[in-house]
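This report refers to the structure that appears directly beneath it.
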Amino acid sequence: QSALVHTFNGIPFSTRSSKELLHTLDSFEAREDDVLLVSYPKSGTHWLAEILKNLYRTQQGANGCGTVTLTSPIEFGDPSKYEDLRNLPSPRLIPTHLNYKMLPVQLKTKKCKMIYIIRNPKDTAVSLYHYYKDNPNLPTIDKWTTFLEMFLRGEVVCGSWFDHIHSWEDHKNDDNVLILYYEAMKKDATRSIEQLSNFLGVNLTPEKIHEIAMKSSFSEMKEQAQKENINPNNTVCALTSNKQLIFRKGTVGDWKNHFSTKQTKIFDAQIEEKMNSSQLMKCIEYEN
Ligand code: A3P
């Protein structure tokens, strides 16, 4: 591969996640009120982070005491970052692209709330392809065809999409886990915000929910990102601090503009073979 990627536990990681940090993930000290925002890359992590920030901020307006600290991803940086995380006020909202197995053990034993967002894998692959092309922190990719083969083999950052979903399968019904779907969020953001507020125990009026949906819309977030300077301390995805790389199209079904008939066939066959037993897969709006 390149100097930008290294392999840990058989999974390709950006070198922005140091080997030392990945080795010491289990020494991370979780707090019971930590909230984890988990995703395979390009599934809507920044969108969800924006909704959550606004959700807590709105609560502050209501009773004067709610706010949340959005931290950098748990796998980003080197072990010194744990010291930084220790100094941040609660509740902490912690993003991560780690699969369930790799999550620091205390997050599991303390039953921290975890939100896992899933996106149609074809759109995820397309989005990740563009991210590879546009993001200087990722290796150069020449062709979509080559990239799609890499994606299907799990030879992309954060590894196989299939494995990532499978790692959550046994935890989908855990009380501390909420599963959200990108396509469902696109269809009805209000409903997703309601689900999140119920899960987190935050009371919101319908007006506030509407306001959050507006503030976290694709166009609003894209416009905001264009106005902001790049802040290296503001990293939601370990692969970049440059938010301008994030807001590309924000639509459902862009895969149809990239996949050939043959590629669709191959992809569908892999889904059939690898995801046959997955209940999570059944909930994905796959055809659109
Ligand atoms: P596309 O590349 O298909 O446009 P992540 O935040 O996990 O890196 O995911 C990025 C993907 O989510 C990008 O997909 C991006 O456009 C999309 N996205 C970001 N904000 C969004 C929003 N508010 N609404 C819908 N999609 C959004």
Side-chain angles (χ1 to χ4, degrees), residues 14 16-17 36-55 70-76 93-99 115-138 141 144 147-148 151 156-159 161 164-165 168 179-193 196 209-228 230 234-259 284-285 288:
S14 156
R16 286 160 66 87
S17 298
L36 211 59
L37 198 178
V38 199
S39 58
Y40 185 82
K42 313 321 289 171
S43 304
T45 328
H46 289 78
W47 183 14
L48 194 48
E50 184 65 22
I51 291 177
L52 290 166
K53 266 193 318 191
N54 281 300
L55 198 139
L70 178 61
T71 75
S72 68
I74 208 153
E75 69 276 22
F76 174 57
L93 174 61
I94 310 172
T96 182
H97 290 318
L98 293 173
N99 66 36
I115 305 160
Y116 185 46
I117 177 159
I118 303 178
R119 187 180 189 183
N120 181 327
K122 286 182 185 153
D123 279 341
T124 306
V126 166
S127 182
L128 191 56
Y129 164 65
H130 287 284
Y131 206 34
Y132 262 75
K133 283 208 308 186
D134 302 340
N135 188 341
N137 295 320
L138 289 167
I141 290 293
W144 158 244
F147 179 81
L148 186 59
F151 183 86
V156 292
V157 277
C158 303
W161 180 88
H164 209 281
I165 302 293
W168 280 86
I179 314 269
L180 291 179
Y181 297 87
Y182 181 95
E183 293 72 26
M185 271 169 66
K186 279 294 290 191
K187 213 174 257 176
D188 192 350
T190 301
R191 160 107 187 85
S192 304
I193 298 167
L196 283 164
I209 292 179
H210 180 70
E211 197 180 304
I212 295 171
M214 290 295 123
K215 275 192 183 159
S216 58
S217 72
F218 179 79
S219 54
E220 190 64 35
M221 285 184 72
K222 185 177 174 112
E223 198 182 314
Q224 208 52 44
Q226 275 157 352
K227 282 192 227 149
E228 279 170 26
I230 299 171
N234 187 337
T235 306
V236 174
C237 165
L239 305 167
T240 194
S241 302
N242 181 358
K243 283 216 210 145
Q244 296 192 7
L245 297 177
I246 300 299
F247 306 98
R248 194 185 60 90
K249 273 196 164 179
T251 57
V252 173
D254 193 33
W255 65 268
K256 290 175 184 160
N257 301 317
H258 293 75
F259 279 67
I284 300 175
E285 284 181 30
N288 302 321

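Just so you know, ligand 1 is whichever comes first in the structure, and atom 1 is the first atom listed for that ligand. Basis for what follows: all heavy atoms, side chains included, without hydrogens, waters or symmetry-related copies. We're numbering straight along the sequence, starting at 1.
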Donor-acceptor pair, side chain of K222 and main chain of F247, under 3.5 angstrom: yes

Only one of K187, K186, R119 passes side chain to side chain donor-acceptor pair (under 3.5 Å) with E285, and that residue is K187

Where the side chain of E75 meets the backbone of H97, is there a donor-acceptor pair that is under 3.5 Å apart? yes

May I ask you to decide if Y116's main-chain N or O and W168's side chain share a donor-acceptor pair within less than 3.5 Å? no

The side-chain hydrogen bond (donor to acceptor under 3.5 Å, both in side chains) partners of D254 (sequence neighbours excluded) come to R248, K249, N257

Can you list every pair where an N/O of ligand 1 is under 3.5 Å from an N/O on the protein?
from: ligand 1; atom 1: 2 (O); to: S127; atom 2: OG; distance (Å): 2.6
from: ligand 1; atom 1: 2 (O); to: R248; atom 2: NE; distance (Å): 2.8
from: ligand 1; atom 1: 3 (O); to: R119; atom 2: NH1; distance (Å): 3.4
from: ligand 1; atom 1: 3 (O); to: R119; atom 2: NH2; distance (Å): 3.0
from: ligand 1; atom 1: 3 (O); to: R248; atom 2: NH2; distance (Å): 3.2
from: ligand 1; atom 1: 4 (O); to: K249; atom 2: N; distance (Å): 2.7
from: ligand 1; atom 1: 4 (O); to: G250; atom 2: N; distance (Å): 2.7
from: ligand 1; atom 1: 6 (O); to: T45; atom 2: N; distance (Å): 3.2
from: ligand 1; atom 1: 6 (O); to: H46; atom 2: N; distance (Å): 2.9
from: ligand 1; atom 1: 6 (O); to: H46; atom 2: ND1; distance (Å): 2.7
from: ligand 1; atom 1: 7 (O); to: K42; atom 2: N; distance (Å): 3.3
from: ligand 1; atom 1: 7 (O); to: S43; atom 2: N; distance (Å): 3.2
from: ligand 1; atom 1: 7 (O); to: G44; atom 2: N; distance (Å): 3.1
from: ligand 1; atom 1: 7 (O); to: T45; atom 2: N; distance (Å): 2.8
from: ligand 1; atom 1: 7 (O); to: T45; atom 2: OG1; distance (Å): 2.4
from: ligand 1; atom 1: 8 (O); to: K42; atom 2: NZ; distance (Å): 2.9
from: ligand 1; atom 1: 9 (O); to: G44; atom 2: N; distance (Å): 3.3
from: ligand 1; atom 1: 14 (O); to: R119; atom 2: NH1; distance (Å): 3.1
from: ligand 1; atom 1: 14 (O); to: S127; atom 2: OG; distance (Å): 3.4
from: ligand 1; atom 1: 16 (O); to: I246; atom 2: O; distance (Å): 3.3
from: ligand 1; atom 1: 16 (O); to: R248; atom 2: N; distance (Å): 3.4
from: ligand 1; atom 1: 16 (O); to: G250; atom 2: N; distance (Å): 3.3
from: ligand 1; atom 1: 23 (N); to: S216; atom 2: O; distance (Å): 2.8
from: ligand 1; atom 1: 23 (N); to: F218; atom 2: N; distance (Å): 3.3
from: ligand 1; atom 1: 26 (N); to: Y182; atom 2: OH; distance (Å): 2.7

Min side-chain heavy-atom separation S192-L48 under 4.5 Å: no

